[in-house]
Chemist: 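Pasting a structure below so you can have a look.
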Amino acid sequence: MNRRPDYLAHAVLIIGVLIFIFPIWVAFAGATQSAGAINRGDLSLIPRLSGLPVFIHALGFGNTAKGGVPIWHMMMVSALMALGIAIGKIAISSISAFAIAFFRFPFRMVAFWLIFITLMLPVEVRIIPTYSVMSDFHLINTFTGLTMPLIASATATLLFRQVFLAVPDELVEAAKLDGAGPMRFFFDILLPVSGANLAALFVILFVYGWNQYLWPLLVATNGRLDTIVLGIVQLITSDQLTPWNLVMAATILAIVPPVFVVVAMQRWFVAGLTEVDK
């Protein structure tokens, strides 16, 4: 029996897509036009094919007047930061969840709830103490200081714990009978079983790391550690000399890597979100 299509649902989805796509389209169209036209308010929604080379030009553009670096360098810093945060969060959270789910030690649940309670602390509450600790360890203006404070994740620990608790007891007993130690069980059984969850978390955490603004703004005063999000803000000046076409081109370029990660891992991302409780 064929069900009739839900036209209302499709219409709502199409409207939602248009609302989300419209600002990106405006930035893409503006990037292909001259900065003077944009400053005069003559922005057209129709891209100019002759202006497409601006995206190549934007890769080498940067706020050099303030000792900055090119856009491509900022994107590399953002990519390394996002990868470091995503991999670090997954590594620490999976091991923490493994200990909580499979080991019996005093105050095990107290440790779990202490980790979980950190979700209730907003970033603004933790950022000044975190900065003080990084300063005491002389990690200001270092890549370690840029990534290390952001790799702890209570949310990822909770998700891994839920996945690990769903592992059948028979599988745990079979691993013990085969002589598998805790770490072999973790690497050979638990991680492969959690593949979809790993992929979903990696996508979420990569985008989270890529979009960081407040923490890099505080901890990285050296232009060599500017991320692409910081770089775009620094390109905008208070006078009429802002190269808006290059700013818009840099914005479009900044969207490409996270979109590529989401699209490339879409199947595993959806599976990870829908199979957490299975």
Side-chain angles (χ1 to χ4, degrees), residues 10-83 85-86 146 202-204 206-214 216-217 220-267 269:
H10 284 77
V12 172
L13 287 174
I14 291 173
I15 293 173
V17 169
L18 292 176
I19 292 174
F20 278 99
I21 291 296
F22 182 72
I24 300 176
W25 179 260
V26 171
F28 176 76
T32 62
Q33 300 170 40
S34 66
I38 298 173
N39 284 326
R40 292 192 305 269
D42 297 333
L43 177 62
S44 173
L45 295 181
I46 301 176
R48 297 178 180 175
L49 296 179
S50 60
L52 291 179
V54 71
F55 293 100
I56 299 176
H57 177 55
L59 288 174
F61 184 75
N63 194 6
T64 55
K66 295 184 179 180
V69 293
I71 293 297
W72 68 265
H73 187 279
M74 298 176 189
M75 294 182 68
M76 288 294 296
V77 173
S78 291
L80 292 175
M81 179 181 174
L83 286 172
I85 291 174
L146 198 64
F202 178 83
V203 172
I204 295 171
F206 182 89
V207 175
Y208 165 82
W210 182 272
N211 291 332
Q212 283 298 308
Y213 174 75
L214 182 58
L217 179 65
T221 58
N222 186 342
R224 302 292 299 177
L225 291 176
D226 281 346
T227 61
I228 185 61
V229 178
L230 284 177
I232 292 173
V233 175
Q234 292 172 358
L235 292 176
I236 301 174
T237 60
S238 58
D239 51 31
Q240 296 295 319
L241 300 178
T242 300
W244 285 108
N245 57 336
L246 291 173
V247 172
M248 292 182 179
T251 302
I252 296 299
L253 291 172
I255 297 173
V256 173
V259 168
F260 175 79
V261 171
V262 172
V263 172
M265 305 186 69
Q266 181 181 8
R267 183 176 65 180
F269 175 67

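Because the structure is a prediction, the values reported are computed rather than measured.
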Chemist: Would you indicate whether the side-chain heavy atoms of L246 and L235 approach each other to under 4.5 Å?
Modeler: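 No, their side chains stay 4.5 Å or more apart.
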Chemist: Looking only at heavy atoms, which two atoms of A35 and P243 are closest? And how far apart?
Modeler: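 In this case the closest contact between A35 and P243 is CB-CA, 4.1 Å.
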Chemist: Got a sec: does the CD1 of I46 have more than 12 other heavy atoms crowding it under 6.0 Å?
Modeler: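 No, CD1 of I46 has 12 or fewer neighbouring heavy atoms, counting only those of other groups under 6.0 Å.
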Chemist: Considering residues at least two apart in sequence or located in another chain, which fulfil the side chain to side chain donor-acceptor pair (under 3.5 Å) criterion with S34?
Modeler: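 Once residues adjacent in sequence are excluded, S34 has no partner under the side chain to side chain donor-acceptor pair (under 3.5 Å) criterion.
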Chemist: Going by heavy atoms in the side chains, are W244 and I236 under 4.5 Å from each other?
Modeler: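 Heavy-atom side-chain distance check passes, below 4.5 Å.
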Chemist: Nearest 0.5 Å please: distance from the CE atom of M248 over to the CD1 atom of I38.
Modeler: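 Answer rounded to 0.5 Å: 4.5 Å.
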Chemist: If you measure from CG on N245 to CG on N39, what distance do you get to the nearest 0.5 Å?
Modeler: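 CG of N39 is found 9.0 Å from CG of N245.
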Chemist: Which atoms form the tightest heavy-atom contact between L43 and G30, and what is the distance?
Modeler: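 Heavy atoms of L43 and G30 come nearest at CD1-CA, 3.4 Å.
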Chemist: Identify, with sequence neighbours excluded, every residue that meets ring pair (Phe, Tyr, Trp, His ring centres under 6.0 Å) alongside Y208.
Modeler: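 Ring pair (Phe, Tyr, Trp, His ring centres under 6.0 Å) check on Y208 returns nothing, list empty.
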Chemist: Between side-chain atoms of residues 70-80 and protein atoms elsewhere (two or more places apart, or another chain), which donor-acceptor pairs fall under 3.5 Å?
Modeler:
unit_1	atom_1	unit_2	atom_2	d
H73	NE2	R224	NH2	3.4
S78	OG	M74	O	3.2
S78	OG	I228	N	2.8

Chemist: Using modelled atom types only, decide if a donor and an acceptor are shared between the side chain of T32 and the backbone of R48 within a distance under 3.5 Å.
Modeler: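 Checked: pair present.
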Chemist: If you define the side chain from C-beta out and look only at heavy atoms, does anything of V207 sit under 4.5 Å from V261?
Modeler: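 Answer no - side chains too far apart.
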Chemist: Hey, what do you get for CD1 (I14) to CD1 (I19), rounding to the nearest 0.5 Å?
Modeler: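 If we round to the nearest 0.5 Å, I14:CD1 and I19:CD1 are 12.0 Å apart.
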Chemist: Mind checking the CE-OG1 spacing from M81 to T227? Nearest 0.5 Å is all I need.
Modeler: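 The CE atom of M81 sits 6.5 Å away from the OG1 atom of T227.
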Chemist: Please find the pair of heavy atoms, one from A250 and one from A58, that lie closest to each other, and give the distance.
Modeler: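 So the two residues come closest at N-CB, 4.4 Å.
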Chemist: Considering non-hydrogen atoms only, spot the tightest contact between A27 and I252 and give its length.
Modeler: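 Heavy-atom minimum between the residues: CB-CD1, 3.8 Å.
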Chemist: Using 30° and 60° as the class boundaries, would you call the ring planes of F206 and W210 parallel, tilted or perpendicular?
Modeler: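 If you compare the ring of F206 with that of W210, the planes turn out parallel.
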Chemist: Do F22 and L45 come within less than 4.5 Å of each other through their side chains, counting heavy atoms only?
Modeler: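 Side-chain contact under 4.5 Å: yes.
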Chemist: Only counting residues at least two apart or in another chain, list the ones meeting side-chain contact (heavy atoms from CB on, under 4.5 Å) with L225.
Modeler: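 With neighbours one apart ignored, the set is A220.
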Chemist: Partners of Y213 by side-chain contact (heavy atoms from CB on, under 4.5 Å), sequence neighbours excluded?
Modeler: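 Y213: side-chain contact (heavy atoms from CB on, under 4.5 Å) contacts with L217, V229, L230, V233.
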Chemist: P257 and A254: which non-hydrogen atoms are nearest, and at how many Å?
Modeler: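 The pair with the smallest heavy-atom distance is CD-O, 3.7 Å.
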Chemist: I'd like to check L49 versus L52 (side-chain heavy atoms, cut-off strictly below 4.5 Å). Are they in contact?
Modeler: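 Side chain of L49 against side chain of L52, heavy atoms only: contact under 4.5 Å found.
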Chemist: Could I get the full list of side-chain contact (heavy atoms from CB on, under 4.5 Å) partners for I56, not counting sequence neighbours?
Modeler: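 Scan of I56 (side-chain contact (heavy atoms from CB on, under 4.5 Å), adjacent residues dropped) gives none.
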